[in-house]
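One structure below.
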Amino acid sequence: MTIRKADVISAGAAVLVVVGVSLLPSPKDRNPPVPSTFSHQGIRIDQECLSCHGARGIRPLAIPPHPKRQDCLQCHRTTS
């Protein structure tokens with residue numbers, strides 16, 4: 001079995017694509033962070049957000065413009 005030049009070029013191109021994609025920033029890196037206020041320190045699960053920002057909380061989210069979702073930490077990045 002011989003290795004052809006086309007095989008080497010194809011394998012090299014595949015490696016370059018994989019490396020290039022892995023270096024791209026994730027969408028979560030561009031999303032807004034969890035605020036760094038005292039009341040937001042230590043937030044690690046969505047239920048902690050919803051206690052204040054749920055429909056019956058003291059600071060409910062304005063829908064729109066905020067999406068009607070309840071998985072806050074899927075989009076908002078934590079600072080620590």
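Both backbone and side-chain heavy atoms feed into the values below; hydrogens, waters and symmetry mates do not.
Remark: side-chain polar atoms of D71 are not paired, donor with acceptor, to backbone N or O of D46 under 3.5 angstrom. Judged purely by atom type and a 3.5 angstrom limit, H76 uses its side chain to pair as donor or acceptor with the backbone of P32. Proximity of a side-chain donor or acceptor of H53 to a complementary backbone N or O of P60 within less than 3.5 Å is not detected.
Atom OG of S39 is separated from atom CD of E48 by 11.5 Å, given to the nearest 0.5 angstrom. Of the inter-residue distances, the one linking K5 atom NZ with D7 atom CG reads 12.5 Å to the nearest 0.5 angstrom.
Partners of H40 by side-chain hydrogen bond (donor to acceptor under 3.5 Å, both in side chains), not counting sequence neighbours, listed by chain and number: T37. Every residue two or more places apart in sequence or in another chain was checked for a side-chain hydrogen bond (donor to acceptor under 3.5 Å, both in side chains) with R56, and none qualifies. With sequence neighbours left out, V15 forms a side-chain contact (heavy atoms from CB on, under 4.5 Å) with V19.
Residue V17 shares its hydrophobic cluster (ILVMFWY side chains chained together at separations under 4.5 Å) with V21. Other members of a hydrophobic cluster containing I58 are absent, since no ILVMFWY side chain comes under 4.5 Å of it, directly or through relayed contacts. Chaining together hydrophobic side chains whose heavy atoms lie under 4.5 Å apart places V8 alongside I3.
I45 and L73 get closest at one heavy-atom pair: N-CD1, 3.7 Å.
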